[in-house]
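Structure record follows, encoded as structure tokens.
Naming: A, B, ... by sequence-line order, numbering from 1 per chain.
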2 protein chains.
Amino acid sequence: MSETRILIVDDHPLFRRGVRQLVEMDPDMTIAGEASNGAEAVEAAGTLELDLILMDLNMARMDGLEALRQIRSNGVDTRLVMLTVSDADDDVVAALRAGADGYLLKDMEPEDLLARIKEAAEGKLVISPQLAAILAGIVSGGRAAPADALSSLTSRELDILRTLARGMSNKMIARRLDITEGTVKVHVKNLLKKLGLRSRVEAAVWAVNHGVS
Amino acid sequence: MSETRILIVDDHPLFRRGVRQLVEMDPDMTIAGEASNGAEAVEAAGTLELDLILMDLNMARMDGLEALRQIRSNGVDTRLVMLTVSDADDDVVAALRAGADGYLLKDMEPEDLLARIKEAAEGKLVISPQLAAILAGIVSGGRAAPADALSSLTSRELDILRTLARGMSNKMIARRLDITEGTVKVHVKNLLKKLGLRSRVEAAVWAVNHGVS
DNA sequence: GCGTGGCTACCCCCTAAGAGGTAGCCAGAT
DNA sequence: ATCTGGCTACCTCTTAGGGGGTAGCCACGC
């Protein structure tokens with residue numbers, strides 16, 4: 001398949017440049033155009049061949065929300081993700097109601113942001129983690145970490161988590177539980193997925209904070 | 001029962017000779033082997049039939065602490081006593097945390113040293129009197145580093161620790177603090193040493209338990 | 001002036017960690 | 001009888017982590 005063509009809309013040239021650099025680190029994505037305000041975005045959305053629009057909210061001539069509305073009312077259904085500093089509930093809700101396919105905060109980690117942009121291009125609804133709670137009550141498909149995450153773990157996974165949370169390496173855990181290191185890795189991998197975490201460090205902190213011991 | 005077989009690990013041949021002479025004054029003990037560095041010690045610990053290892057800390061090819069860790073991680077639980085000139089808190093704590101069964105200073109009186117070695121071979125935890133205070137602090141404070149470990153950290157190291165304890169990778173920390181990943185690694189390395197910990201996972205758990213946030 | 005500690009950055013080297021995948025075995029459920 | 005979930009074990013591949021070292025710059029204290 002050909003590369004994903006993206007329009008970046010933001011009134012700060014430097015920010016656009018940063019996003020361009022980030023996005024084009026991925027060989028499958030390219031910045032097909034830039035716009036510095038909502039009006040230009042509406043224009044570009046109607047003329048360029050686009051797969052995804054990254055839109056700022058706060059812009060001078062026309063803000064992102066209004067631009068989104070005009071784009072949609074022009075019958076353009078290009079995927080569009082808000083990329084902004086505002087974490088206000090109202091902004092999030094309004095953007096999604098107006099037809100945004102995602103809402104990301106500018107202070108995300110770059111590689112995380114890049115991953116979300118890719119997901120958005122693939123058709124997923126992407127939301128910054130901090131906003132997941134807000135979204136839970138509004139959108140049905142929200143992906144917030146389940147409160148009963150602990151009970152979803154098998155007893156073996158709990159064994160591993162408890163040991164991991166004492167700072168043990170996979171090898172030490174393996175020796176202690178008398179299984180191979182490879183098997184420990186499998187359990188760690190699975191429990192990370194179940195808990196929605198990304199590393200054993202997060203798992204250890206999670207375990208301590210949830211009284212797993 | 002048969003005589004106690006001891007491995008002496010020290011990079012000074014003369015010191016080894018002195019210990020050998022001292023130990024073999026006791027008819028129930030014998031020096032079953034000598035090693036001049038940590039690597040040799042790890043090797044010997046895995047092959048010789050031993051009851052006790054006397055290990056120096058400061059050695060060229062592999063220091064005693066690392067040798068101890070490797071021995072333990074090889075699943076060898078032979079009793080092991082550090083025999084060194086260092087009376088630094090950090091060294092004592094690290095050795096005991098790494099699984100040492102004792103920590104003796106080289107400037108002890110010979111007959112006193114011999115008595116302690118016998119005790120160690122019998123299963124006791126032996127500590128040079130001068131270090132008793134340190135040990136008391138460790139035992140009462142549960143696990144973890146010296147009481148003033150936190151205050152020994154520089155402000156930058158605290159920055160790193162706080163961020164690390166949120167599960168961030170070195171790369172993420174670097175981006176957040178606007179330094180290179182290499183520099184983050186340096187700080188992590190140093191704070192691990194100061195806290196007597198062995199991995200970022202232990203550091204994260206330590207941070208949570210000590211309210212570093 | 002000089003040394004020291006703190007922060008930064010880089011080097012090399014090796015191991016640990018994590019994401020994929022396949023697969024065998026077993027117990028409990030259907 | 002077949003299926004499913006859980007536990008085990010192995011594979012490959014890539015990145016992350018951590019130990020060792022050197023070094024420049026700066027601020028502080030002596």
Say whether, by atom type as modelled, one donor and one acceptor occur between the side chain of [X] and the main chain of [Y] under 3.5 angstrom.
| X | Y | answer |
| --- | --- | --- |
| B:Glu40 | B:Ser36 | yes |
| B:Glu66 | B:Asp63 | no |
| B:Arg200 | B:Val188 | no |
| A:Asp10 | A:His12 | yes |

| request: Give the angle between the helix axes at the two ends of the helix from C:dG1-D:dC30 to C:dT30-D:dA1, taking five base pairs at each end and rounding to 10°. | output: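 Here the local axes at opposite ends form an angle of 40°.
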
| Is there a side-chain contact between A:Leu114 and A:Met29 (heavy atoms, below 4.5 Å)? |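 Answer yes - side chains close enough.
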
| task | With the side chain counted from C-beta on, respond yes when A:Arg20 and A:Ile8 share a heavy-atom pair under 4.5 Å apart, and no when they do not. | result |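 They are not in side-chain contact.
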
| task | Report yes if at least one side-chain N or O of A:His187 is closer than 4.0 Å to OP1 or OP2 of D:dT8; otherwise report no. | result |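 Yes, because at least one side-chain N or O of A:His187 sits under 4.0 Å from OP1 or OP2 of D:dT8.
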
| query | Between A:Thr154 and D:dC7, does any side-chain N or O lie under 4.0 Å from OP1 or OP2? | reply |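 A:Thr154 to D:dC7 OP1/OP2: side-chain N or O found under 4.0 Å.
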
| said: Can you tell me if A:Gln21 has over 12 outside heavy atoms packed within less than 6.0 Å of its CD? | reply: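 No.
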
| task | Counting heavy atoms from C-beta on, name the nucleotide in C:dG6, C:dT8, D:dT8 closest to the side chain of B:Ile179. | result |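 Nucleotide nearest to B:Ile179's side chain: C:dT8.
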
Rounded distance in Å - [atom1] ([X]) to [atom2] ([N]):
| X | N | atom1 | atom2 | value |
| --- | --- | --- | --- | --- |
| B:Leu191 | C:dC7 | CG | P | 11 Å |
| A:Leu153 | D:dG5 | CG | P | 16 Å |
| A:Lys194 | C:dG18 | NZ | C1' | 17 Å |
| B:Leu177 | C:dT8 | CG | C1' | 13 Å |
| B:Leu158 | C:dC7 | CG | C1' | 15 Å |

| field | A:Arg72 and A:Asp101 ion-paired at < 4.0 Å | value |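 Yes, A:Arg72 and A:Asp101 are salt-bridged.
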
| message | If the condition is salt bridge (charged side-chain N to carboxylate O under 4.0 Å, His left out), which residues does A:Arg16 pass it with, not counting sequence neighbours? | response |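 With sequence neighbours excluded, A:Arg16 shows a salt bridge (charged side-chain N to carboxylate O under 4.0 Å, His left out) to A:Glu34, given in chain and number order.
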
| Sugar-phosphate or base contact per nucleotide [nucleotides 10-30 of chain D; S, B, -; heavy atom under 4.0 Å] | B-----SBBSB----------

